[in-house]
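Take a look at the structure set out below.
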Amino acid sequence: MDKAYNPSSEGQIYDQWLKSGAFTPVVPKNPKEARLKKEPFTIILPPPNANNPLHAGHALFTVEDILVRYHRMLGDPTLWLPGTDHAGIETQFVFEKYLQKQGKSRFDYDRETLFKLIFDYVNENRDVAKTQMQRLGFSLDWTREKFTMDTDHIARVYAIFNRMVNEGLVYRDEKIVNYCTFCGTAFSNLEVEHKNVNSHLWYFKYPIVGEKDRFITVATTRPETMLGDTAVAVNPKDKRYSDLQGKKLLLPLVNKEIPIIFEDSIDIKFGTGAVKVTPSHSPEDYEMGKKFNLEFVRIFDYDGRANQNVPERYRGLFPNQLRQAVITDLTEAGLMTKIKDYSHEVGHCYKCGRPIEPITAPQWFVKIKPLAEPATKAVKSDEVKIFPARFKKSFLAWMKDIKDWPISRQIVWGHRIPVWYNLDENQTIMITFIDQKGETVTGNWETLIKTNSYQDIKKGLQSLIAPTDSKFYLSESDALKISPNVLQETDTFDTWFSSGQWPYSTLGWSPDGHHSPDFEYFYPTTVLDTMWDILFFWVARMIMMGIYATGQIPFKVAHMHSRVTDSKGQKMSKSKGNVIDPLVMSNQYGADALRMALVIGVAPGSDISLSEDKIRAQRNFVNKIWNASRFVEMLIDRLQERNPDLKISSEIDKSKLTTADKDILEKLNKITISTTKNLENYRFGQASEDLYQFFWHEFCDIYIENAKDRGEETISVLLTVLETSLKLLHPFIPFITETIYQNLQEKFNFKKELLISSSWPNEIKY
RNA sequence: GAGUCUAUAGCUCAGUUGGUUAGAGCGCUUCGUUGACAUCGAAGAGGUCAGAGGUUCGAGUCCUCUUAGACUCACCA
C-alpha cells in the first residue's frame, strides 16, 4: 500500500460498481404486489441543465447519494434515476449570448432552424454533466437515464396538456402578464424579481372637460404610460372630487376624453388621491379596466417600443425615452406641477435584469386552484413531508394565494404547445416570418396570404400570436380537415410545466393507464431532494401535477438542502470570482474529500460554506483512514511473522477482551446507532462529524495507539472496528472505503463482496 | 407591506426533545520526525453563546423586546 491515499484510482472503482449492476435495481414480476410487501427506496435526480457543467450546488447531490447508498446497504430495492433538463429559457438565453458573439441574434432565424441549432448545441454538451456526476461517485442508474427532450416524455406532457384542456383546466386569455421585451417572452410571477428603485413621483394635471381652469392632478411613477390612460380613478369618499360625478377629463398630449371613475380601493392619502388608469400596462389598472369596462389601449409593442396607438411623434420610442419625451412635453404644456423623490419596488426580469413591462397579451393559463387544493392538503397532512419543517410554512403560505399559472413562453427552445390553428378559420392571427428575400415580415394571415404563399410562411415562420378567441385543435389532422392552411402554436411550455411532470413521466406513467412496471413499482418515489430556491417553481408544481395526473403524490419527503457559499458565506458567482469548481477540487483532493467537506457539520437547511481549506482538511481525514488501515495490515503482518499459524478473523472472542477492547466496541456500537438514526433523520452533518471524531480520535488516537503494544488478541477488534467504520463511512466517502474494503478481502482472503452491496452494520455483540 | 431565518473561539460553523467544567475544522503558540500517517502526534492559548428582560431547581437551547444582518413572497399609483 502506498504511503498516502491516491484518489486517481477512483475512476476504476466507479467502473467496478457500474459493472456489478449495483446501481440498477431489479423490478420484480408483479411490481404492484411486490411494492406492497417491500417498498423500494427511490429518488429522482433533479435533472441538471443539459448543457452546463456542474457547479458546487450540483455536488450537493452527494446528499442523495448518501441516502441511496445507505438504503442500498439496508437491503432496500433502491433506485436513483438520472436525467437532464433542456431548461427552456435558461438554455435559449445562453445560446443567444453565443449567437451574439458571432454577431447574430435569434431574429435572424426561422423557428425551426433556431430550434435545431439549439438542439445541436445542447447535444454537444450533454455528456459533460454525466461524466462529472460519475466522477463524484454518484450511484445513479444510468440504464434509466432520461432527458426532458425525449419523445416519450414530451408525449406524456402533451397528453396531460390535452387532458387539462378537455377538463377546462387550461384556458386562453388576454390578461396582463409580466413581459420582458428584451427576452421577448412572458413570465410567471415567480420569474420576476422585485428590486427597489430610486425614482420619482410625477404630479401632473388633467384638465376637466367643460370646467375652465379646473384640473385633476395625478401622481404617478410611470408618466410615460399616460398615453394609454383610459380613466382617472378617485375614491368615492374623497371630498375633493365628490362633485365630479359624470365629468370627463381631457387626456393631455393625446387630446382624448377619458372618464373619472370612483373606486373604493384608491388610497385617499397617497399622492393626490387621484390615479391615472392604464388598463393595458398595469396590473391594478387592468382590474379596474375590467371592472369599469374601460377601453384598453396598449401603447407598447412586444419589442418594447411605443406603437401606433400613441401620437406619431412618440412612435418607436422605448419606455425610458418615452418617459423623457412625455415629461418634457407635459412640462412645456405647463401641466407638470411637482416632481418628488420616491423609491419603490419595480419588477425586473430574472434572466436579463431589465425592467418587466406589464402588458396585455394572449397567453395560455392553468387554472390552478383545482390543482393547488389537493397539493395543499397533502402537505398539510404531511403525506408529503417537507423537511426542514420551516419550508412547509412558506409552501402553504404561497399555495394559499396562488394565482393562475401562465404556461406559455414566447421562446423556441422547449416543448412547443400541441395546438393547431386553421388559418382560414382565424384570419386575424398575427404572423411573423422570414420571407424568401430574408426579410422579416409581420402581419395577419388575411393580409399576408395576398402576397405570400402558405408554404413560404410556414417555412420561414418565427412566431404567431393568435387572438384569445381563435379556434384551435389538439391535433394537426383535425385542423387540416378544414383546409391545408394550418400552423402549430409557436409558444412553448414553461419549462416547469414539463419538469413538474418529471417523477411520473421518467418512471413510465402512461395516459392510457397501462403504466410500465417501473412506474408500478417505484411510484410514488420516496425522497425528492433539491435546493429551497425552487420550492415553488418545481417542488410545488410536481406535487400538483403528480396528484393531478396519477392521483398519487410524487414523493413522500421533500428534502430541501441549502446553498453552497464561499468561505465567507457569500453566494458563489462568476462575477465575484469566488466559484469553487467541484471537478477541479475532486481531481486535486479526491471526490471523497469534496463530498465530506460538503456535508460535515452542516445543519439541515443552513447555508454550506465551502472552501479549499475545508476540502483539504477532509482529504487529510480520508488519508488518515488510509493509513489506519495500512497500519492494521502491517500490525497483523508483524504478528503473523511471529506466529505463521495465526488465524485472521474479525470474530470476537468475548473471553479475551480487555477494558480497551470493550471501550472501543461500546463506542463503535454507539456510533453505529447514532449514524443510523441521524441518516434516518437527514442529519448528515451530525452523522459525518460524529464518524470523523470517532474514527480519528477514538479509534486511531486511542485504540490503535494502544494496540501497538499488544499481541494477536487485538486483531479481531481492530478488524471489526475498521470494517464497521468503513461501512458506516461508505455513503459519505464511497471510493476510499470501497478501496480499503477490497484490500482487506484480498489480503486476508475474506469472502469477496463489494462494499456498496454489503449490508449496513448492526450493533456488535460482545 | 407580509413572512422566514441567522447572531456561539481570530475565520467558517456544529451543538435533536432545556441538565454536569460549551465543541470541531482552519488559523495561532510550544514541543516532538530512524518502523501507519508531517496530508502526523502531544500540550496549549482563545468564548460573560449579539443586548435587555422573563419562565424554570436549571437556558447557548423556551418566551418577549431591542439591535444587526440574510432571504422569500407581494399588483399599491
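Naming convention: chains lettered A, B, ... in sequence-line order (proteins, then strands); numbering from 1 in each chain. As a basis for the values below, the full set of heavy atoms in this structure was taken, side chains included, without hydrogen atoms, waters or symmetry mates.
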Parallel under 30°, tilted from 30 to 60°, perpendicular over 60°: which one fits the rings of [X] and [Y]?
| X | Y | result |
| --- | --- | --- |
| A/Phe684 | A/His559 | perpendicular |
| A/Phe699 | A/Phe694 | parallel |
| A/Tyr5 | A/Trp626 | tilted |

**Message:** Using a strict threshold of under 4.0 Å (side-chain N to carboxylate O), is an ion pair present between A/Lys670 and A/Asp690?
**Reply:**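 No, A/Asp690 and A/Lys670 are not salt-bridged.
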
**Item:** Note: A/Lys385-A/Asp382 ion pair, threshold 4.0 Å (strictly below)
**Value:** no

Between [options], spot the one nearest the side chain of [X], thanks.
| X | options | result |
| --- | --- | --- |
| A/Arg630 | B/C37, B/G15, B/C73 | B/C37 |
| A/Ser609 | B/U12, B/C37, B/U39 | B/U12 |
| A/Glu284 | B/A14, B/C73, B/C76 | B/C76 |
| A/Arg683 | B/C13, B/U16, B/G41 | B/U16 |
| A/Met634 | B/C37, B/G35, B/C73 | B/G35 |
| A/Asn189 | B/C37, B/C75, B/A14 | B/C75 |
| A/Ala628 | B/C73, B/A36, B/C13 | B/A36 |
| A/Arg638 | B/C40, B/A36, B/G15 | B/A36 |
| A/Lys624 | B/A24, B/C40, B/C75 | B/C40 |
| A/Asn620 | B/U39, B/A14, B/C26 | B/U39 |

Using OP1 and OP2 only, check whether a side-chain N or O of [X] sits under 4.0 Å from [N].
| X | N | result |
| --- | --- | --- |
| A/Trp532 | B/U4 | no |
| A/Thr565 | B/U12 | no |
| A/His194 | B/A2 | no |

**Fill in**
When rounded to whole Å, the CD to P distance for the pair A/Glu689 and B/A14 reads 9 Å

For [N] and [M], measure between their [atom1] atoms and round to the nearest Å.
| N | M | atom1 | answer |
| --- | --- | --- | --- |
| B/U66 | B/U4 | P | 15 Å |
| B/U17 | B/U21 | C1' | 24 Å |
| B/G44 | B/C37 | C1' | 23 Å |
| B/C73 | B/G25 | P | 38 Å |
| B/G51 | B/G10 | P | 14 Å |
| B/C31 | B/U67 | C1' | 45 Å |
| B/C28 | B/A9 | C1' | 12 Å |

**Request:** For A/Lys568 and for A/Lys276, find the nucleotide of RNA chain B with the closest heavy atom, then tell me which residue's nucleotide is more 5'.
**Result:** A/Lys568

**Message:** Taking any heavy-atom pair under 4.0 Å as a contact, classify A/His281: base, sugar-phosphate, or nothing.
**Reply:** nothing

**Asked** What is the nucleic acid contact for A/Tyr692, judged by heavy atoms within less than 4.0 Å: base, sugar-phosphate only, or nothing?
**Response**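 Sugar-phosphate contact only - A/Tyr692 comes under 4.0 Å of backbone atoms but never of a base.
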
Could you tabulate the donor-acceptor pairs under 3.5 Å formed by side-chain atoms of residues 599-609 of chain A, not counting sequence neighbours?
residue  : atom : partner  : partner atom : Å
A/Ser606 : OG   : A/Ala603 : O            : 3.0
A/Asp607 : OD1  : A/Ser562 : OG           : 3.0

**Asked** Can a donor-acceptor pair under 3.5 Å be found between the side-chain atoms of A/Arg619 and the base atoms of B/U39?
**Response** yes

